[in-house]
> 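Dumping the structure here so I can ask a few things about it.
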Amino acid sequence: MTQKTVLTILLLLAPELLFAAGTRLLYTMPHINETDRAAIQRGARVFINYCLTCHSAEYMRYKRIADDLGISEDIMKKNLMFASDKIHEGMVVAIEADDARRWFGVPPPDLSVVARARTREWLYNYFMTFYRDEKSPIGVNNATFPGTAMPNILWELQGWQDPVYETRVNAKGDQERVIVDMKLVEPGKQTAKEFKQTIRDLVTFMVYMAEPAELERHRLGFWVLAFLFVLLMISYALKHEYWRDVH
Ligand code: HEC
């Protein structure tokens, strides 16, 4: 490899490396199955109930979700949409952008493809690591996204957590207090196990939303393999036929 190629590769990797260095994720992501339609549907429900007040997901149309999940428009409308939503439109936000900016200082970003920008591990950690923080102007903070302007939206389900600190020596040799875990100090409506499942479902939905074609690819993948298998059988039979007289 020439020096130039090495440099190019490093430059291409640079954002990844920076990103990896900047975030310290507390938890490893439990396995999620991005084609699990039941999980996607449960996650969609959480997303629609708790997130669309502030965030939009403009590129995700309700009709597409109904088609992908194999549910009828009626069920979609009854169970997963607010009365004012239109089935052929994207998921729009309930608050005005100007209000949002005034309230939070930053407008809540569109979440259509956030799973691609942030990774599923990051999202899982983000939702699992909101904690009480008297020093923060909004009373909460987040170990994955320190100083985030987003309130702890799911506190009702999760309850409240306090961080668990540990003193570590950093690369410069200084002692530093770092958050190593979360401790539940006030239970919510869900048990810790149920809440984890809720977050898994939510992330599954967000991964699907960022790449809805994934479901289609899996479906196609099956038929491609089936086709290849049939082709193999035919070739085998043919070979048999051709060589019969030779032996
Ligand atoms: C009350 C308004 C509000 C609600 C409801 C809300 N958020 Fe947020 N969210 C925000 C704001 C404001 C930010 C911007 C935070 C910042 O940049 O400091 C944000 C940021 C985020 C981010 C980080 C985006 C990025 O890449 O920087 C994600 C992911 C996110 N929200 C997901 C969700 C999900 C999922 C829900 C529903 C469970 C939700 N939010 C509900 C206000 C909200």
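Every heavy atom of this structure was used, including side-chain atoms; hydrogens, water molecules and symmetry mates were not. When a ligand or atom number is given, it counts from 1 through the structure's own listing order.
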> Suppose I only count heavy atoms of Ile153 and a 4.0 Å limit; which atoms of ligand 1 are within that range?
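Taking each heavy atom of Ile153 in turn, ligand 1 has 1 (C), 4 (C), 5 (C), 6 (C), 41 (C) under 4.0 Å.
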> Are Thr35 and Asn33 close enough that a side-chain donor and a side-chain acceptor fall under 3.5 Å?
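Checked: Thr35/Asn33 side chains pair up, N/O donor to acceptor below 3.5 Å.
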> So, for Met150 and His55, which heavy atoms are closest and what is the spacing to 0.1 Å?
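Closest approach of Met150 to His55, heavy atoms only: SD-NE2, 4.0 Å.
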> To the nearest 0.5 Å, tell me how far Glu156 CD sits from Gln190 CD.
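If I round to the nearest 0.5 Å, the distance is 10.5 Å.
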> What atoms in ligand 1 come closer than 4.0 Å to a heavy atom of Leu123?
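With Leu123 as reference, the close atoms of ligand 1 come out as 29 (C).
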> For Val106 and ligand 1, does the shortest N/O to N/O distance drop below 3.5 Å?
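Such a contact does not occur with ligand 1.
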> Given Met206, Met150, Arg118, Arg101, which one has a non-hydrogen atom that is nearest to atom 42 (C) of ligand 1?
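Ranked by closest heavy atom to atom 42 (C) of ligand 1, first place is Met150.
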> Looking only at protein heavy atoms, which one is nearest to atom 18 (O) of ligand 1, and what is the separation?
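Scanning the protein heavy atoms, the shortest distance from atom 18 (O) of ligand 1 goes to Ala149 N, 2.8 Å.
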> Taking only non-hydrogen atoms of Trp103, do any sit less than 4.0 angstrom from ligand 1?
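So Trp103 does not count as touching ligand 1.
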> Side chains of Asp85 and Tyr62: donor-acceptor distance under 3.5 Å anywhere?
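On atom types as modelled, these side chains qualify, holding a pair under 3.5 Å.
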> With distance as the sole test, does Asn125 use its side chain to make a donor-acceptor pair with the main-chain N or O of Glu121 at under 3.5 Å?
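Yes; judged by distance alone, with no hydrogens or angles, the pair exists.
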> Under 4.0 Å from a heavy atom of Thr148: give me the atoms of ligand 1 that qualify, with their elements.
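Close to Thr148: 15 (C), 16 (C), 18 (O).
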> Is a side-chain donor-acceptor pair under 3.5 Å present for Thr204 with Glu34?
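The answer is no; no qualifying pair exists.
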> Nearest heavy atom to atom 28 (C) of ligand 1: which of Trp122, Phe104, Tyr126 does it belong to?
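Result: the heavy atom closest to atom 28 (C) of ligand 1 is in Tyr126.
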> Starting from atom 17 (O) of ligand 1, which protein heavy atom do you reach first, and at what distance in Å?
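Among all protein heavy atoms, the one nearest atom 17 (O) of ligand 1 is Phe145 CZ, 3.6 Å.
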> Can a donor-acceptor pair be found between the side chains of Tyr126 and Thr148 at a distance below 3.5 Å?
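Yes.
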> Checking Asp181 against Tyr27 for the side chain to side chain donor-acceptor pair (under 3.5 Å) test, could you report, in this order, the C-alpha distance in whole Å, the side-chain angles of both residues, the deciding distance, and whether it holds?
CA-CA 8 Å; Asp181 202 359; Tyr27 305 119; 2.8 Å; yes
> Report yes or no: does Ala117 have a heavy atom closer than 4.0 Å to ligand 1?
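Checking ligand 1 against Ala117, which is what was asked, there is no heavy-atom contact under 4.0 Å.
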> Among all protein heavy atoms in this structure, tell me which lies nearest to atom 34 (C) of ligand 1, with the distance rounded to 0.1 Å.
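For this ligand atom, the closest protein heavy atom is Cys51 SG, 3.3 Å.
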> Can an N or O of His55 be found at a distance shorter than 3.5 Å from an N or O of ligand 1?
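N/O-N/O distance under 3.5 Å: yes.
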> For residues Ser56 and Asp110, is any side-chain donor paired with an opposing acceptor at under 3.5 Å?
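Note: Ser56 and Asp110 side chains meet the donor-acceptor criterion.
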> Using a strict cut-off of 4.0 Å, indicate which atoms of ligand 1 neighbour a heavy atom of Val114.
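Reading through ligand 1 atom by atom, the close ones are 26 (O).
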> What is the closest protein heavy atom to atom 32 (C) of ligand 1, and at what distance does it sit?
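Checked against all protein heavy atoms, atom 32 (C) of ligand 1 sits closest to Leu111 CD1, 3.5 Å.
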> Backbone N or O of Phe130 within a donor-acceptor pair of the Asn152 side chain at under 3.5 Å?
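Here the side-chain-to-backbone pair does not exist.
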> Just to confirm my output: which protein heavy-atom neighbour is closest to atom 24 (C) of ligand 1, and how far is it?
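That would be Pro109 CG, 3.6 Å.
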> Tell me the protein heavy atom at minimum distance from atom 2 (C) of ligand 1, and give that distance in Å.
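For atom 2 (C) of ligand 1, the nearest protein heavy atom is Cys54 SG, 1.8 Å.
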